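Only one structure is covered here, and it is reproduced in the block below.
Note that this is a predicted model, so its numbers are computed, not measured.
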Amino acid sequence: QVQLVESGGGLVQPGGSLTLSCATSGFFFDDFVMKWYRQAPGKEREFVAGVGVPATLTHYTESVKGRFTISRDDTRRTAYLQMNSLKPEDTAVYYCNARLDELDGREYEYWGQGTQVTVSS
């Protein structure tokens with residue numbers, strides 16, 4: 001059974017930091033690209049950051065560059081999102097995503113249930 005379980009969300013003041021974790025099971029973690037998305041109230045879900053295979057390949061949406069760091073630990077089957085200098089506009093539900101596109105066209109994509117991040121004074 002595939003599971004992606006996010007944790008680490010919460011309430012933080014502007015300028016503060018949080019680290020989100022995405023613990024996984026049920027699929028071959030090492031082969032999957034791991035991403036974080038977020039969805040603010042009344043808005044569409046948006047891409048935040050991704051880490052490939054190998055973990056040296058990363059990509060960020062412009063608004064979080066220099067503040068967020070995505071990483072992965074293949075031995076722990078876990079992806080992380082370190083968030084620094086948080087702003088009120090970072091408030092959203094953050095979702096973990098795992099995706100694999102095979103060369104033969106098969107696609108695999110899994111989502112976590114989300115964790116709330118609220119940035120407010």
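- Checked by atom type and distance alone, the side chain of E46 never pairs as donor or acceptor with a backbone atom of R38 at under 3.5 Å.
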Enumerate donor-acceptor pairs with a distance under 3.5 Å from any side-chain N or O in residues 24-31 to protein atoms, sequence neighbours excluded.
from	atom 1	to	atom 2	distance (Å)
T24	OG1	R77	O	2.8

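- Linking ILVMFWY residues whenever their side-chain heavy atoms come closer than 4.5 Å, directly or via other members, places M34 and V64 in the same cluster.
- When all heavy atoms of T78 and S21 are compared, the closest pair comes out as CG2-CB, 4.3 Å.
- Panel note: side chain Q113, backbone V5; no donor-acceptor pair is recorded below 3.5 Å.
- The shortest non-hydrogen separation linking A40 to A92 is N-CB, 3.8 Å.
- For the pair L57 and V53, the tightest heavy-atom approach, listed with the atom from each and the gap, is CD1-O, 4.0 Å.
- Partners of T69 under the side-chain contact (heavy atoms from CB on, under 4.5 Å) rule, at least two apart in sequence or in another chain, are Y60, Q82.
- Every salt bridge (Lys or Arg N to Asp or Glu O under 4.0 Å) that R76 has, sequence neighbours left out, goes to D73.
- Nearest heavy atom pair, residue S17 against residue N84, reads OG-OD1, 2.9 Å.
- Taking the side chain as every heavy atom from C-beta outward, R72 and D74 approach each other to under 4.5 Å.
- Nearest approach of G9 to L20, heavy atoms of both residues: N-CD2, 3.6 Å.
- Take Y37 and apply the ring-ring contact (aromatic ring centres under 6.0 Å, His included) test, not counting sequence neighbours, and it matches F47, W111.
- Pairs of residues two or more places apart, or lying in two chains, that qualify as disulfide (SG to SG under 2.5 Å) and include a residue from residues 72-115 are C22-C96.
- In the hydrophobic cluster analysis, where Ile, Leu, Val, Met, Phe, Trp and Tyr join through side-chain heavy atoms closer than 4.5 angstrom, L11 is grouped apart from V119.
- Residue K43 holds its NZ atom at 8.5 Å from CD of E89, rounded to the nearest 0.5 Å.
- M83 is not listed as a side-chain neighbour of V12, based on a closest heavy-atom distance of 4.5 Å or more.
- In the hydrophobic clustering of ILVMFWY residues, with side-chain heavy atoms under 4.5 Å counting as a link, Y95 and I70 come out apart.
- The salt bridge (Lys or Arg N to Asp or Glu O under 4.0 Å) test applied to E44 returns no partner, not counting sequence neighbours.
- Between W36 and F68 there is no side-chain heavy-atom pair separated by less than 4.5 Å.
- The shortest heavy-atom contact between G114 and V93 is CA-CG1, 3.8 Å.
- In this structure, T115 OG1 and L18 CG are separated by 9.0 Å, a value rounded to the nearest 0.5 Å.
- Remark: K65 NZ is packed, more than 12 non-hydrogen atoms of other residues, nucleotides or ligands lying under 6.0 Å away.
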